[in-house]
Structures are given as C-alpha cells and as structure tokens.
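Working notes, beginning with the structure itself.
Just so you know, these numbers use all the heavy atoms, side chains as well, and skip hydrogens, waters and symmetry mates. Letters A, B, ... mirror the listed sequences (proteins, then strands); counts begin at 1.
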Amino acid sequence: MVDKITVGYTHLSGCTGCTVALADNYGGLLTLLDKYVDLKYMPTLADARHIQKVDVSFVEGSVCINDKLAVEEIKETREKSTVVVALGGCACYGNITRFSRGGQQNQPAQEAFLPIGDLIKVDVYIPGCAPTPQMIRNVAVMAYLLLKGTKEQKDLATAFLKPLMALPVQGTACGASTACFCDLMTNVIDQGLCMGCGSCAAVCPVRAISMEYGKPNGERDLCIKCGACYAQCPRGFFNTDVIGEYEAINEAIMAALQ
Amino acid sequence: MGAELGKYKSCVSARSTDKELLKHAQDGGIVSSLFAFALDEGIIDGAIVAANKEFYAKYPSKCIQDNSNLDVIEPWRPIPAIVTTKAELIAAAGTKYNLSPNIALLKEATRSFGLDKIGIVGTPCQMQAVRKASLYPFGFRDVNVPLAVGIFCMENFPYQSILQLVEDHAAMKLESVKKMEIGKGKFWVYGKRGQVVQLPLKVTHKYEQPGCHVCLDYVANMADISTGSVGSPDGWSTIFVRSKIGDSVWAKAMAAGCFETQPIEKVKPGLELVTKLANEKITKNKATLDARATFGVGKALRNPYL
Ligand SMILES: Cc1cc2nc3c(=O)[nH]c(=O)nc-3n(C[C@H](O)[C@H](O)[C@H](O)COP(=O)(O)OP(=O)(O)OC[C@H]3O[C@@H](n4cnc5c(N)ncnc54)[C@H](O)[C@@H]3O)c2cc1C
Ligand code: SF4
Ligand code: SF4
Ligand code: SF4
C-alpha cells in the first residue's frame, strides 16, 4: 500500500522487553503491519536489520558509549529518520542500565550507558519498563494519523503526542535526562498537586511505591528509574482536550485495528 | 455555564430497590447496586472499592497488599479492595471522607486477582486516572474497565484531617461513628448511639487535601455513570449516564428493576443546585490555578493541565 508510513526499530542496550511488548499486540500488530506500517528494519521481527531512511524510528535501549557501533547506530538513526521515538525507560532515561559498572562478560569494558537523548535530539518519549503493548499501539496509530491522516486526524494526533514530545525537553528532577520517583516528589507532591489516586503505585514495575495513608511513599533504593510513575500520574500531565475525548479516541483506535 | 456538568446522555434521580443494600449505602445505593447487577450479568468480574477495617478483618485476601499499615487499620481509614460478591459490596458501601487510592489496585486487579473485566468506583480525579490509563497506558497493561462509576466530589481529606475533625472538633471517637456526610453546607457526624454533630464547612476547609484545590471536575465527567446526593431528596441520588457503556448498563439495570427513578426536573433541589455547586468549585479552583501562576516573584507553581 502506498500510503503506509515507513518504520524502523533500532535495538541498543535494552532487554528486548520493549520488543516483546510490541509483539504482544498479537493480531493488532499484524493489522498495523498490514495496513499502516511498512517495517523497514528491526533486529528481531524483520529480515532487514540495518538502519534505513524511514518516517519513524523506535529506539529500544540506551547507548553504550564504549561501543562504537552503538554510537554510530544512534547517530545514523537520527540522520535517517524524520521522527525518533525513545521506546521504554532505557532509551528515555537510562533506566536499569544507569546502574551498570561494567565488568560483564563478554564485553567487560562496556560500562557506560546513556539515554539516547544525551546523544541525539529525540522527538517522542514513551517511558515505562516495559511500556505496555497498548501504549505502543496507540503511539503507532497516532504516528500514522500524524503523517497520513486528514486535517482533523492530524490535529488529534498532534494533541495526543504533545505531552510525549514535551517529556524530552522538560527535564526531570534528578537532571535533564534521568527519571526517578523523585519526579513525583519534586513535580507533583512538593508542588501541592498530588490527590492520592494511586496510579503511580500501580504502574511501578518494581513496586517501589506504596500508598501510605493515601499518599505515595517511594522506596528510592528500589527505583530503577523507568519514568512510568511520573508519566502515568494524572497530575504529571493531564491534557483534558484529549483525555476528555477518550471514548471517541479509543473507538477510533479499535476501528483502525479491525 | 454549560460545561460544568460534563457530557451526559441522561440525568435522573434514583434509588436502589434493594432494601437490604440501602441500609448500608451512603445515599441511593447506586454504586453498590450497579456493581451487584454488573457482577450478576457478567459485565464485570469484580470491582475495586474502598473497604475498611471491618472488611479487612473478614476478607483480608481481597485487600490491597502494600506497605500500608494493615496490622493497625484505624476506624474510617479506607483500604482499596476487590469485591466479587454482594456481601462484600455491602461491607464496603458508604462514603469514607478520606483518601482511598483505588487506582493503586487497577493493575493488580488483573494480575493478582485475575479479573478480565474490572469495575471501579472513584472520585472525579480517579476517573481521570482511569481514562489517562486507557489512552496513555504507560504501565497499565491489558487493563480493561467495562464499568467506571464516578462519585461527585467537592474535596477530599487526608486521614489525619478526618481524625482531627471528628475527634477534636466534633468531640467523638472515630470508632463510635456510624456515618459521615457533607450536605446542606455542613459536615455531619452521626454516632452509633444516635448522637449527631454538625460542623460548619468553614471549619473543615483548612483540613482539605491541597491537591483538591486545582481540581476542575465536580460530577465525575469522565465516568461511565456518575452519582452523588446533591440535587436529589434525602435517600435518593442524582445520576448522570455519560458513555455508551454507561447507557447500556443503565438501561439493562433499569429493565431488571434495580432502581426506581424520578425525573430530575421534578425533584428538589434538582439540577440547579448541582450546576451551582459545580460552578462554584470550578471557579474557585481556576482561581487557585491562576494564583499559582504568579505564586512567587516571577516564579510559578506547576500547572498539570498545560
Ligand atoms: C471524598 C468524597 C467527597 C464527596 N463529595 C460529594 C459531594 O460534594 N456531593 C455529592 O453529591 N456527593 C459527594 N460524594 C459522593 C457521596 O458521598 C456518595 O459516595 C455517592 O452518592 C454514592 O452513594 P451510593 O449510596 O450510591 O453508594 P454506596 O452504595 O454507598 O457505595 C459507595 C461506594 O463508594 C466507595 N467509596 C467510599 N469512599 C470512597 C473514597 N474515599 N474514594 C473512593 N471510593 C469510595 C465505597 O467503597 C462504595 O463502593 C463524595 C464522596 C467522597 C468519597
Ligand atoms: S519509582 Fe518505579 S515507576 Fe517510578 S521511576 Fe522508579 S521504578 Fe519507575
Ligand atoms: S499518580 Fe500522582 S496524583 Fe496519583 S497518587 Fe501518585 S503522585 Fe499522587
Ligand atoms: S476534589 Fe478533585 S482532586 Fe480532590 S478528591 Fe475530589 S475529585 Fe479528587
């Protein structure tokens, strides 16, 4: 089909959990590939592995700066893609790879890892460890509408993606490129915005957050820096114009995947 | 004017026809009856509600397992729980005027409790969390919510505020309280032995959760069905049916005889009061957001809606 968008998937230092989450869309993934997405390259799910010119590239994993190939690949990804999406906590914030000290076989000298935003400009962040299949699906559909949709669909996709495009530029508590439970402390709780819903505790992949007397308490030593809690928090961002239309948008996404 | 009540398909005044359930409900028993019906019909497999000490003693495995102090659950401290039977629904009925982080169970409901179809009750902000979780599910994997029931909410309180209001201001022990209610401009505390204490809301204001002061939703605009006491006569509830799902569940529940209704136009004080209160809340909290924008000297506090 001519009006598909071209998509690539660059896999750096990530555990393949993001890849699995994408694949866990099952039939939805097949529909995506059938109707909307021409998957140009991807190490696990496509034959072609080398980076090519594409509309949108998803990047899983952080960049090992001791690995020449990884550094070249992230730069090439930027040069060859119109839109770069950091998929998952590692690509967005370093996540668990932040804790590396090297010494691991079979490349003991590969010890320093940076989120991709420290090396290239990133357009969209999808935090989480791993981000859910449904989240990846929603962004993929919106990326399609942004590039190929009608004027109305483009407006919707722009509004939907806006907060995800703000994440790379706004910076977080521990420093511009790393996430942490501290983001909730500094940007929500200390700002007098928390209302005790419990979303943060629900989404933390390592159960670092528990609700005590209705408010989140972070076990910061457990936090792996994935960014899910702050992204999910309704008092992190809440774009009423988009979320208020949840019914129509969910219907449109489901219809697109029929 | 116009947007303060959100989008809705219909609005009525209603009351559950289940007399047993009504004895335990806060108002018209709408929330518990809807869930009981949805459980019977297989629309949901279970519902996330706000349980309490007594519930935990009976059904510990149905409650949230986190680091909250579950050894000593104070009277009137809500504990999010999953209910799957009418007996459990009744045990968790009634309003607890302090924070029950129901969304904290939204992922666990599927993972640990095995629910495919989740019902959830919550305040307007919790309904916002449910919808954000469906459009932006960063960490809510495979979460399917076929029935989200919202409750009207002017403000909520930290647990310690309720402790102070009841034990200091109303001079009653929390464990001897049968019911609390905010209505007719007062905070009411009903004792188990029949005593009633009322506090003017100007006493309660300073105990409110600060996060509530930027909240722009009074009547749970994002719920499938939302309900509260305001607008309807005592013992009755005002109901907004909002989404397609809500419309279908409400129609089925009505056909099954779960509720008796009166046209909202016929009851006193009616929608006029709901509209007035919604406007008051939104206007006041918009002013708070404005004040936050110029809070310091050339420095603003964050606005989550921008
Ligand atoms: C903090 C708060 C403020 C409110 N403010 C208003 C108001 O200004 N105007 C108005 O008309 N109505 C308000 N309500 C709603 C009202 O008190 C009743 O909850 C509502 O009318 C439902 O009554 P019912 O008889 O249908 O529900 P019931 O059958 O009694 O069921 C109530 C359900 O709500 C759950 N629940 C109880 N406490 C909480 C909580 N803190 N958080 C989440 N879920 C909870 C219970 O577990 C139960 O499942 C408020 C409720 C709360 C919790
Ligand atoms: S607290 Fe949990 S959800 Fe938040 S950044 Fe840390 S690991 Fe991620
Ligand atoms: S998700 Fe945000 S608003 Fe909700 S409890 Fe956590 S910090 Fe508070
Ligand atoms: S006033 Fe708003 S923020 Fe506060 S509990 Fe009610 S719905 Fe939530």
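Neither the backbone nor the side chain of B/Pro158 comes within contact range of chain A; no heavy atoms are under 4.5 Å apart. Neither the backbone nor the side chain of B/Asn98 has a heavy atom closer than 4.5 Å to any heavy atom of chain A. A/Pro163 touches chain B through its side chain: at least one heavy atom from C-beta onward sits under 4.5 Å away, while N, CA, C and O do not.
The environment of B/Lys244 atom NZ is sparse: at most 12 non-hydrogen atoms of other residues, nucleotides or ligands sit within 6.0 angstrom. A/Glu152 CD: 12 or fewer foreign heavy atoms inside a 6.0 Å radius.
Ring pair A/Phe238/B/Tyr305 is perpendicular by interplanar angle, where above 60° counts as perpendicular and below 30° as parallel.
At distances below 3.5 Å, at least one donor-acceptor pair connects side-chain atoms of B/Arg292 with backbone N or O atoms of A/Gln191. Although no hydrogens or angles enter the test, the distance criterion places no donor-acceptor pair under 3.5 Å between the side chain of B/Lys7 and the main chain of A/Glu245. The main-chain N or O of A/Ala202 is never found under 3.5 Å from a side-chain atom of B/Glu108 such that the two would form a donor-acceptor pair. Side-chain N or O atoms of A/Glu247 include none that pairs as donor or acceptor with a backbone N or O of B/Ser243 at under 3.5 Å. A/Ser199 contributes no side-chain N or O that, together with a main-chain N or O of B/Ala129, makes up a donor-acceptor pair within less than 3.5 Å. Checked by atom type and distance alone, the side chain of A/Gln134 never pairs as donor or acceptor with a backbone atom of B/Pro137 at under 3.5 Å.
When all heavy atoms of B/Phe138 and A/Met135 are compared, the pair lying nearest together is CE2-CE, 3.7 Å. Shortest non-hydrogen contact noted between B/Ala104 and A/Met211 is CB-CG, 4.1 Å. Nearest heavy atom pair, residue B/Pro304 against residue A/Arg235, reads CB-O, 3.5 Å. In this structure, A/Phe160 and B/Tyr136 approach most closely via the heavy-atom pair O-OH, 2.7 Å. Across every non-hydrogen atom of A/Asn250 and B/Ser134, the tightest pair is ND2-OG, 3.1 Å. Contact between A/Tyr213 and B/Leu99 at its shortest, heavy atoms only, is O-CD1, 4.2 Å.
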Report the C-alpha distance between B/Asn156 and A/Met195 in whole Å, list the side-chain angles of each, state the deciding distance to 0.1 Å, and finish with yes or no for side chain to side chain contact (heavy atoms under 4.5 Å, CB included). CA-CA 8 Å; B/Asn156 204 342; A/Met195 44 58 181; over 6 Å; no
Could you walk me through whether B/Gln128 and A/Ile243 pass side chain to side chain contact (heavy atoms under 4.5 Å, CB included), step by step? CA-CA 8 Å; B/Gln128 295 181 340; A/Ile243 301 177; 6.0 Å; no
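Between A/Thr240 and B/Met222 there is a side-chain heavy-atom pair separated by less than 4.5 Å.
Interface summary for chain B: among A/Asn138, A/Val203, A/Ile189, the most heavy-atom pairs under 4.5 angstrom belong to A/Val203. Taking A/Ala228, A/Cys229, A/Gly214 one by one and counting their heavy-atom pairs under 4.5 Å with chain B, the maximum is reached by A/Gly214. For chain B, the option among A/Leu193, A/Ile253, A/Val188 with the highest count of heavy-atom pairs below 4.5 Å is A/Leu193.
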